[in-house]
Amino acid sequence: MANRMTPPAEGQEKDVLLVLDKQQGKVSAVKGIDKEGNLQTVPPTQGGEFMQVDKNSDVFSNFISNFFRKFQDTSGLELFSVKASEAEQQARAIEDNHRNPTPEGSKRTEMLRVPKPDFHEFKQGYRFDPAKIDWENLKKVGITADTLKNTKDFDRVMRGYKSRNTYTVSGTVGGFYLKPTDVKLSFYQAKDGTVVPKLHGVQQDEKLLQRPFHEHGFTKQEQGNLQGTGNLGGIAEIKDPKSGEQIPVFVSRDRYTHELEYMRADKWKCPDTICNVKVSPEQKAAFEAGQAVKMENLQFRDGTRRSAYLQVSAVERGLEFLPRSAVQALQQGQQATQQIAGIKDGQGVEFNGHVQPGAQGKSPDKVQPKDVTPAAESRTQVAVNTEGKTNEATKQGKEPLKQGQQKPTAKQKEKQEKAQDKSLKADKPKKSRGMKM
């Protein structure tokens with residue numbers, strides 16, 4: 001059965017849709033859509049069974065959007081919206097102008113034409129397809145694609161990031177009234193494949209940093225870093241929500257919404273150059289350890305050269321230029337980068353790292369292992385040898401890892417497998433030979 005709108009109430013005349021087939025030069029009225037999504041049409045005669053719509057309604061907008069999505073090549077078709085009582089007369093006028101166009105006739109038909117919606121181009125690097133987003137629903141709370149484009153957030157949110165700007169939203173959503181509030185916007189893909197908007201309001205929980213974050217408890221110093229610079233200033237070990245394993249992460253706090261976000265530290269790769277300046281091995285190590293680094297003589301797009309502090313941000317999913325407030329926090333001694341080598345882990349194996357802010361100024365012989373954040377290449381070593389943690393590669397290991405070692409050597413792995421086989425044989429119950437009488 002065709003999908004039809006209910007007839008308009010008395011005194012509330014609605015519109016009907018006319019479709020022009022350019023090849024045949026014929027205008028028909030839209031009756032509805034069948035189960036396969038195909039357009040059903042009838043002659044536009046007076047009193048015909050037409051699909052009647054309110055062109056200011058969401059139903060009309062959704063129908064038009066779905067029509068143009070289904071019929072990607074609409075060069076041979078044109079849609080027009082006319083009053084139901086004028087359908088036959090306007091259909092004849094559109095046909096006449098198509099056969100013998102005149103300036104006056106073209107002007108009249110242009111006023112009736114239904115424009116093709118702007119589906120926004122799917123660019124390379126986008127994580128989400130703009131055409132799969134329900135913009136009409138998002139418009140109800142006050143956010144449109146044009147709003148995002150005007151604030152230069154459109155490309156950013158399509159690539160999977162949270163918007164940099166905040167937007168005031170209000171309206172009725174899902175039967176609930178949303179009072180005017182400022183939010184940031186992001187999108188995520190639901191299990192059914194639809195792209196869903198997510199509104200990020202301001203977190204008012206003052207004790208948020210005092211609570212465990214994925215089973216990681218923040219120290220006083222880490223809490224101060226998150227409040228002062230927006231970044232942890234080191235690497236945290238948290239429980240992976242999917243695998244349950246302990247993973248190293250960067251943790252950051254959104255400076256406006258106060259939300260905590262994390263990004264895997266072992267998956268992030270430091271760039272070789274920043275603003276045409278080569279990143280030294282020491283600077284790379286500091287970035288990988290979550291520290292803030294001052295880069296000198298950076299060349300910006302306007303041609304100027306300046307110095308700036310950078311740090312890995314989980315909110316930005318990579319390096320960010322620290323804002324003035326964060327730089328002031330650094331200069332007040334909340335964070336600094338002091339490298340140290342030769343510190344010994346719990347098994348007596350040396351490792352390299354960065355002295356934590358609370359221990360800055362101590363002479364190297366006075367610095368304790370607990371005062372040091374391991375460098376990227378030493379994280380696994382310290383986690384296994386000092387903290388007794390394991391991952392998939394090290395869980396069967398009995399021997400301590402060597403300096404910078406990430407996984408067991410071939411010889412260690414062979415030993416582990418032999419020990420495991422021996423253990424399995426020992427656990428296997430012996431066959432009963434019965435009882436002699």
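Heavy atoms only: backbone and side chains are in, while hydrogens, waters and symmetry mates are out.
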Student: Start with the C-alpha distance between Lys140 and Leu138, add both sets of side-chain angles, then the distance that settles side chain to side chain contact (heavy atoms under 4.5 Å, CB included), and finish with yes or no.
Tutor: CA-CA 5 Å; Lys140 291 178 182 177; Leu138 197 55; over 6 Å; no
Student: With the threshold set at 4.0 Å, does a side-chain nitrogen-carboxylate oxygen contact exist between Lys107 and Glu110?
Tutor: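 Answer for the salt bridge query: no.
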Student: Would you name the heavy atoms of Ser307 and Lys294 that are closest together and state the gap between them?
Tutor: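 Heavy-atom minimum between the residues: CB-CE, 4.0 Å.
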Student: What's the shortest heavy-atom distance between Ile143 and Leu185, and which atoms?
Tutor: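 Reported closest heavy-atom pair: CG2-CD2, 4.1 Å.
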Student: Using distance only, find each side-chain donor-acceptor pair of residues 232-241 under 3.5 Å and give its atom names and separation, not counting sequence neighbours.
Tutor:
residue	atom	partner	partner atom	Å
Asp240	OD1	Lys242	N	2.9
Asp240	OD2	Ser243	OG	3.3

Student: Ring-plane angle category for Trp135 and Phe154, please: parallel below 30°, perpendicular beyond 60°, tilted otherwise.
Tutor: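 Parallel.
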Student: Report yes if the side chains of Leu79 and Leu18 come closer than 4.5 Å at any heavy-atom pair, otherwise no.
Tutor: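 Not in contact.
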Student: I'd like to check Ser313 versus Leu319 (side-chain heavy atoms, cut-off strictly below 4.5 Å). Are they in contact?
Tutor: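 With C-beta onward as the side chain, the pair stays apart.
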Student: Determine whether Asp153 and Tyr167 satisfy the following criterion, side-chain hydrogen bond (donor to acceptor under 3.5 Å, both in side chains), listing intermediate values before the conclusion.
Tutor: CA-CA 11 Å; Asp153 264 335; Tyr167 302 91; 2.7 Å; yes
Student: Counting N and O atoms only, with roles assigned by atom type, does the side chain of Thr386 sit under 3.5 Å from a partner on the main chain of Ala383, one being a donor and the other an acceptor?
Tutor: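 No: the side chain of Thr386 does not pair with the backbone of Ala383.
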Student: Hey, does the side chain of Gln381 reach the backbone of Glu350 with a donor-acceptor pair shorter than 3.5 angstrom?
Tutor: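 The answer is yes, because a donor-acceptor pair under 3.5 Å joins these two groups.
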Student: Taking the side chain from Ser280 and the backbone from Gln283, do they hold a donor-acceptor pair closer than 3.5 Å?
Tutor: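 Present.
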Student: So which atom in Ala308 and which in Leu298 form the shortest heavy-atom distance, rounded to 0.1 Å?
Tutor: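 Of all heavy-atom pairs spanning Ala308 and Leu298, the closest is CB-CD1, 4.1 Å.
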Student: Quick check: does any side chain N or O of Arg317 sit under 3.5 Å from a backbone N or O of Ala314, one acting as donor and the other as acceptor?
Tutor: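 Judged by distance alone, yes, a pair lies under 3.5 Å.
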Student: From Glu245 CD over to Ile247 CD1, what is the distance, rounded to the nearest 0.5 angstrom?
Tutor: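 If we round to the nearest 0.5 Å, Glu245:CD and Ile247:CD1 are 9.0 Å apart.
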Student: Has Arg306 got its NZ or CZ under 6.0 Å from the middle of the six-membered ring of Phe300, at an angle within 45 degrees of the ring axis?
Tutor: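 Positive - Arg306 is close enough to the ring of Phe300 and near enough to its axis.
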Student: How far does CD of Glu78 sit from CD1 of Ile94, to the nearest 0.5 angstrom?
Tutor: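 Nearest 0.5 Å value for the CD-CD1 distance: 9.0 Å.
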Student: Could Arg164 and Glu316 be called an ion pair, given the rule that one side-chain N must be under 4.0 Å from one carboxylate O?
Tutor: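 Yes, this pair counts.
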Student: Nearest 0.5 Å, please: how far is CD in Glu259 from OG in Ser186?
Tutor: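 CD of Glu259 is found 8.0 Å from OG of Ser186.
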Student: In the structure I gave you, are the side-chain heavy atoms of Val82 and Asp15 within less than 4.5 Å of one another anywhere?
Tutor: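 The answer is no; the side chains never approach within 4.5 Å.
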Student: Rounded to the nearest 0.5 Å, what separation is found between the CZ atom of Phe250 and the CD atom of Gln311?
Tutor: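 Rounded to the nearest 0.5 Å, the CZ-CD separation comes to 9.5 Å.
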Student: Under 3.5 Å, is there a donor-acceptor pair between the side chain of Thr151 and the main chain of Leu148?
Tutor: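 Here the side-chain-to-backbone pair exists.
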Student: Quick one, Glu261 and Ser252 - any side-chain contact, counting heavy atoms below 4.5 Å?
Tutor: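 A side-chain contact is absent here, since even the closest heavy-atom pair is not under 4.5 Å.
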Student: For Cys270 and Phe287, work out which heavy atoms get closest and say how close.
Tutor: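 Looks like SG-CD1, 3.8 Å.
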Student: Whether Asp254 and Lys184 form a salt bridge (side-chain N of Lys/Arg under 4.0 Å from carboxylate O of Asp/Glu) is what I want to check.
Tutor: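 Looking at Lys184 and Asp254, the cut-off is met.
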Student: Just wondering, do Trp268 and Pro248 contact through their side chains at under 4.5 Å, heavy atoms?
Tutor: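 The answer is no; the side chains never approach within 4.5 Å.
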Student: Would you check, one step at a time, whether the test side chain to side chain contact (heavy atoms under 4.5 Å, CB included) holds for Met295 with Cys275?
Tutor: CA-CA 10 Å; Met295 299 284 293; Cys275 295; over 6 Å; no
Student: Nearest heavy-atom pair of Gly160 and Phe128: which atoms, and what distance?
Tutor: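 Minimum heavy-atom separation between Gly160 and Phe128: CA-CE1, 3.9 Å.
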Student: For Gln40 and Val30: C-alpha separation, side-chain torsions, deciding distance, then whether side chain to side chain contact (heavy atoms under 4.5 Å, CB included) applies.
Tutor: CA-CA 6 Å; Gln40 293 183 324; Val30 177; over 6 Å; no
Student: Should Phe218 and His216 be marked as a ring-ring contact (aromatic ring centres under 6.0 Å, His included) after you check the CA-CA gap, both sets of side-chain angles, and the distance that decides it?
Tutor: CA-CA 6 Å; Phe218 296 119; His216 173 82; 5.4 Å; yes
Student: Using distance alone, with no hydrogens and no angle criterion, decide if Asp302 and Thr304 have a side-chain donor and acceptor under 3.5 Å apart.
Tutor: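 Present: a donor and an acceptor within the cut-off.
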Student: Decide yes or no for Leu17 and Phe80: does some side-chain heavy atom of the first lie under 4.5 Å from some side-chain heavy atom of the second?
Tutor: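 Result no, sub-4.5 Å side-chain heavy-atom pair not found.
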Student: Give the intermediate values and the outcome of side-chain hydrogen bond (donor to acceptor under 3.5 Å, both in side chains) for residues Thr144 and Thr147.
Tutor: CA-CA 5 Å; Thr144 66; Thr147 306; 2.7 Å; yes
Student: Start with the C-alpha distance between Val202 and His258, add both sets of side-chain angles, then the distance that settles side chain to side chain contact (heavy atoms under 4.5 Å, CB included), and finish with yes or no.
Tutor: CA-CA 6 Å; Val202 178; His258 304 156; 4.3 Å; yes
Student: With heavy-atom distances below 4.5 Å as the criterion, would you say the side chains of Leu226 and Leu209 are in contact?
Tutor: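 Contact flag for Leu226/Leu209 side chains = yes.
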Student: Taking the side chain as C-beta and beyond, is there a heavy-atom pair between Arg255 and Arg253 under 4.5 Å?
Tutor: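 No; the side chains remain at least 4.5 Å from each other.
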Student: Which value, rounded to the nearest 0.5 Å, describes the distance between Asn97 atom CG and Thr109 atom OG1?
Tutor: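 Result: 4.5 Å between the selected atoms.
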Student: Working to the nearest 0.5 angstrom, can you tell me the gap between Thr219 OG1 and Gln223 CD?
Tutor: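 The OG1 atom of Thr219 sits 7.0 Å away from the CD atom of Gln223.
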Student: Which heavy atom of Ala329 sits nearest to which heavy atom of Thr229, and what is that distance?
Tutor: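 Closest approach of Ala329 to Thr229: CB-CG2, 4.0 Å.
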Student: Can you list the steps and then say if Arg305 with Glu296 is a salt bridge (charged side-chain N to carboxylate O under 4.0 Å, His left out)?
Tutor: CA-CA 8 Å; Arg305 287 188 174 272; Glu296 304 282 355; over 6 Å; no
Student: Testing Thr166, Thr168, Thr257 one by one against Asp182 for a side chain to side chain donor-acceptor pair (under 3.5 Å), which residue passes?
Tutor: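 Looking at Thr166, Thr168, Thr257, the match for Asp182 under the side chain to side chain donor-acceptor pair (under 3.5 Å) is Thr168.
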